[in-house]
Amino acid sequence: MTDGTLGEALADLLKTPSCPLKTLKLGWNLIRLDGAVTLCQSLAFNTSLTHLELSFNSLSSNGGIALGD
């Protein structure tokens, strides 16, 4: 597990094969910078999540690109 931000900690959870989350509501949590990128990149490894809400965070261009990838 990383010693960092909420986004990085959630990324560690989302990448685990046993992640039980199906819905994750993260609106208004100031997820930004490297934490946003790391969180968005982790979604590529997750197979359980079916609903993700990220409204009103600060993903920025890099976070948006990582989310799109």
Side-chain angles (χ1 to χ4, degrees):
M1 183 167 188
T2 57
D3 293 326
T5 65
L6 169 68
E8 292 166 335
L10 285 170
D12 286 343
L13 173 64
L14 290 172
K15 287 190 283 187
T16 61
S18 61
C19 177
L21 297 177
K22 295 189 185 298
T23 299
L24 186 56
K25 296 180 181 181
L26 296 172
W28 295 93
N29 278 288
L30 294 175
I31 298 171
R32 59 193 180 94
L33 305 172
D34 292 339
V37 172
T38 303
L39 175 64
C40 292
Q41 288 173 338
S42 73
L43 296 171
F45 301 95
N46 184 275
T47 58
S48 64
L49 205 60
T50 58
H51 180 86
L52 175 63
E53 195 261 302
L54 288 172
S55 62
F56 300 102
N57 283 286
S58 298
L59 299 183
S60 76
S61 297
N62 290 339
I65 290 168
L67 183 61
D69 285 345

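Excluded from the calculations below are hydrogen atoms, water molecules and symmetry mates; all remaining heavy atoms, backbone and side chain alike, are included. For reference, positions follow the sequence shown, starting with 1.
Taking CG of Leu24 as the reference point, atom NE2 of His51 lies at 9.0 Å (rounded to 0.5 Å). Atom CZ of Arg32 is separated from atom CG of Leu59 by 12.0 Å, given to the nearest 0.5 angstrom. Taken from CG in Leu39 to CG in Leu6, the straight-line distance is 8.0 Å, to the nearest 0.5 Å.
Residues Leu33 and Leu26 do not share a hydrophobic cluster, defined by chaining ILVMFWY side chains whose heavy atoms lie under 4.5 Å apart. No continuous path of ILVMFWY side-chain contacts below 4.5 Å connects Leu49 to Val37, so the two sit in separate hydrophobic clusters. Using a 4.5 Å cut-off between side-chain heavy atoms of Ile, Leu, Val, Met, Phe, Trp and Tyr, with links allowed through other members, Leu52 and Phe45 fall into different hydrophobic clusters. Following chains of ILVMFWY side-chain contacts shorter than 4.5 Å, one can reach Leu21 starting from Ile31, so the two form part of one hydrophobic cluster.
Ser42 places no side-chain N or O within 3.5 Å of a backbone atom of Lys15 that could act as its donor or acceptor partner. Although no hydrogens or angles enter the test, the distance criterion places no donor-acceptor pair under 3.5 Å between the side chain of Ser48 and the main chain of Pro20. Asn29 contributes a side-chain N or O that, together with a main-chain N or O of Gly27, makes up a donor-acceptor pair within less than 3.5 Å. Remark: the backbone N or O of Cys19 is not paired with any side-chain donor or acceptor of Asn46 at under 3.5 angstrom.
Closest of all the heavy-atom pairs between Gln41 and Ala66 is CG-CB, 3.9 Å.
In this structure the side chain of Thr38 never reaches within 4.5 angstrom of the side chain of Thr5, judged on heavy atoms.
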